[in-house]
Amino acid sequence: MAGDAVVLTVPGPNGDREVRISSPGRVIFPEAGITKLDLANYLVEVGEAFVRANGDRPVSLQRFPDGIDGEQFFSKNPPRGTPEYVRAVPVVYPSGRSHPQLVIDEPAAAVWAAQMNTVVFHPWPSRAEDADNPDQLRIDLDPQPGTGFSDAVPAAIELRAVLREAGLTAFIKTSGNRGLHVFAPIVPQREFLDVRHAVIAAARELERRMPDRVTTAWWKEERGERIFVDYNQANRDRTMAGAYSPRALPHASVSAPITWDELEHVDPRDFTVLTMPERLRTVGDPWQDFGAEPGTIDRLLEWWERDVGDGLGELPFPPDYPKMPGEPPRVQPSRAKKA
């Protein structure tokens, strides 16, 4: 009902904005008892760090009109009624189709997204004005059945060393679930396929160093109890939850930037919508200086070419992608053997 609405005052770079939150008492996270208004207030409190990490990028909004236990859908283009301070930029999808995609430039835009029942924010690894050339190299360390967060930690530490050898400075955050996300700022001078190949080169080097603990196998039946290095997250229109974004999990966890010194001691369940504002006030933002000294992927692409010369070529793309040059057959290995 209209009378139930609350108006939040949201500070930002262009002054305060008034953002209306309808149905503020609607419960978004039943287990944690977190309401729509709580979520909006969270985004006000972490707004500066949130925009620093996710702003000026095409973003997909994962929306839950009836809370995280209900139906969900993704919004990419501006819906009717989008406020004037929420812009959009054209991006090109894998199909070759171009379409406008939302961009968050200030905390009020994130709060408006919460009004639209957004829980998870999925920013692109490229800037709005140069969407075809990522300025972030992203690697997703995904624990497979039989493994967990503690197994991803040594993989992340070794991956940091791999990236350092390639001339890149690595930053880390929890995924908000069981995994870890390793990012490195890069100069936006290479398109998505090049960045994908750079990620594959780093993943293969990590796999060589930790063959019993890490895998690049795309097919689940081949991964075993290892950490999967999900290289396909580097593809165009493939995103992961942004830094400080809530996740659609019962305890209202947040994808939390951490320092490398913290990594071996943290519990990802401690970072939630309820706890993150105080952490930012007391600990600060570990990604405050992200992007200050971007590197290049030139060394990683040299490794890619070396591996190609040794017979290690392209890896499978996601199933919704068009067939790509050099890609191996998209058939599950067990089915291929039967055929």
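Below, each value reflects all heavy atoms present in this structure, side chains not excepted, and no hydrogens, waters or symmetry copies.
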Salt bridge (Lys or Arg N to Asp or Glu O under 4.0 Å) between Arg213 and Glu207, intermediate numbers included: CA-CA 8 Å; Arg213 307 179 76 174; Glu207 187 177 33; over 6 Å; no
Test: Asp56 and Arg87 ion pair at under 4.0 Å: yes
Closest heavy-atom pair and its distance - Leu141, Ala155: CD1-C, 4.1 Å
Salt-bridge criterion met for Glu158 and Arg164 (N-O under 4.0 Å): no
Non-hydrogen side-chain atoms of Tyr93 and Ser98 separated by less than 4.5 Å: no
Within-4.5 Å side-chain heavy-atom neighbours: Val266 and Phe271: yes
Note, His181 side chain near Arg138 side chain (heavy atom, < 4.5 Å): no
Any Ile227 side-chain heavy atom under 4.5 Å of Gln144 side chain: no
Test: Glu129 and Arg57 ion pair at under 4.0 Å: no
Arg226 bridged to Asp212 by N-O distance under 4.0 Å: no
Heavy atoms from other residues, nucleotides or ligands near CZ of Arg17 exceed 12 (cutoff 6.0 Å): yes
Side chain to side chain donor-acceptor pair (under 3.5 Å) evaluation trace for Gln101 with Ser60: CA-CA 8 Å; Gln101 188 140 352; Ser60 297; 2.9 Å; yes
Stacked cation flag Arg330 on Tyr321, 6.0 angstrom / 45 deg: no
Donor-acceptor pair between Glu222 and Thr215 side chains, under 3.5 angstrom: no
Leu37 reachable from Val27 in the ILVMFWY side-chain graph, under 4.5 Å edges: no
Main-chain N/O of Ser175 paired to Arg247 side chain as donor or acceptor, under 3.5 Å: yes
Heavy-atom closest contact (Gln136 atom, Trp124 atom, distance): OE1-O, 4.5 Å
Donor-acceptor pair between Gln189 and Thr296 side chains, under 3.5 angstrom: no
Flag, side chain of Arg20 to backbone of Gln115, donor-acceptor distance under 3.5 Å: no
Side-chain donor/acceptor of Asn54 to backbone N/O of Asp105, under 3.5 Å: no
Minimum side-chain heavy-atom gap Leu263-Ile258 below 4.5 Å: yes
Results of ring-ring contact (aromatic ring centres under 6.0 Å, His included) for Phe74 - residues two or more places apart only: His122
Check: Glu262 side chain, Thr259 main-chain N or O, donor-acceptor pair, under 3.5 Å: yes
salt_bridge(Glu191, Arg196) N-O dist < 4.0 Å: no
Side chain Asn133, main chain Asp130, donor-acceptor under 3.5 Å: no
Residues Asp66, Arg26; criterion salt bridge (Lys or Arg N to Asp or Glu O under 4.0 Å); working and verdict: CA-CA 8 Å; Asp66 300 310; Arg26 178 185 296 151; 5.4 Å; no
Side chain to side chain donor-acceptor pair (under 3.5 Å) between Asn117 and Arg63, intermediate numbers included: CA-CA 5 Å; Asn117 302 303; Arg63 297 165 60 184; over 6 Å; no
Glu327 side chain vs Phe317 backbone, donor-acceptor pair below 3.5 Å: yes
Verdict with reasoning, Glu165 to Arg299, per salt bridge (Lys or Arg N to Asp or Glu O under 4.0 Å): CA-CA 9 Å; Glu165 291 173 25; Arg299 181 72 57 82; over 6 Å; no
Glu18 atom CD, over 12 foreign heavy atoms within 6.0 Å: yes
Expected output: side-chain Thr174 to main-chain Pro268 donor-acceptor under 3.5 Å: no
Heavy-atom closest contact (Tyr85 atom, Val19 atom, distance): OH-CG2, 3.6 Å
Sidechain N-carboxylate O distance under 4.0 Å for Asp135, Arg190: no
Co-membership, hydrophobic cluster, residues Ile139 and Phe171, 4.5 Å side-chain: no
Test item: side-chain donor near acceptor, Ser334 and Glu221, under 3.5 Å: yes
Phe192 vs Asn235 side-chain heavy atoms within contact, under 4.5 Å: no
Donor-acceptor contact present, side-chain Lys173 to main-chain Val182, <3.5 Å: no
Leu163 to Ala170 - nearest heavy-atom pair and separation: CD1-CB, 4.0 Å
Glu302/Arg306 ion pair, N-O < 4.0 Å: no
Glu45/Arg281 salt bridge by N-O under 4.0 Å criterion: yes
Arg236/Asp132 under salt bridge (Lys or Arg N to Asp or Glu O under 4.0 Å): CA gap, chis, key distance, verdict: CA-CA 8 Å; Arg236 181 185 293 273; Asp132 294 329; 2.9 Å; yes
Side chain Asn177, main chain Gly179, donor-acceptor under 3.5 Å: no
Salt bridge (Lys or Arg N to Asp or Glu O under 4.0 Å) against Glu305, all qualifying residues, sequence neighbours excluded: none
Residues Gln62 and Thr118: side-chain donor-acceptor under 3.5 angstrom: no
Electrostatic pair Arg208-Glu205, nearest N-O below 4.0 angstrom: yes
Evaluation steps, ring pair (Phe, Tyr, Trp, His ring centres under 6.0 Å), between Tyr244 and Phe121: CA-CA 9 Å; Tyr244 301 107; Phe121 296 78; over 10 Å; no
Cationic tip of Arg223 above Phe228 ring, under 6.0 Å, 45° of axis: yes
Single-linkage hydrophobic cluster, 4.5 Å side-chain cutoff, Met276 and Ile34 together: yes
Side-chain touch Glu106/Pro13, heavy atoms, less than 4.5 angstrom: yes
Nearest heavy atoms of Met116 and Pro79, plus distance in Å: CE-CG, 4.0 Å
Hphob cluster co-occupancy, Trp218 + Met324, side-chain heavy atoms under 4.5 angstrom: no
Ring centre gap for Phe183 and Trp287 strictly below 6.0 Å: yes
Any side-chain heavy-atom pair of Pro11 and Pro107 under 4.5 Å: no
Closest approach of Val273 to Val254 (non-hydrogen atoms, all atoms of both residues): N-CG2, 3.5 Å
Side-chain ion pair, Lys76 and Asp237, N-O less than 4.0 Å: yes
Donor-acceptor under 3.5 Å (Asp230 side chain, Asn232 main chain): yes
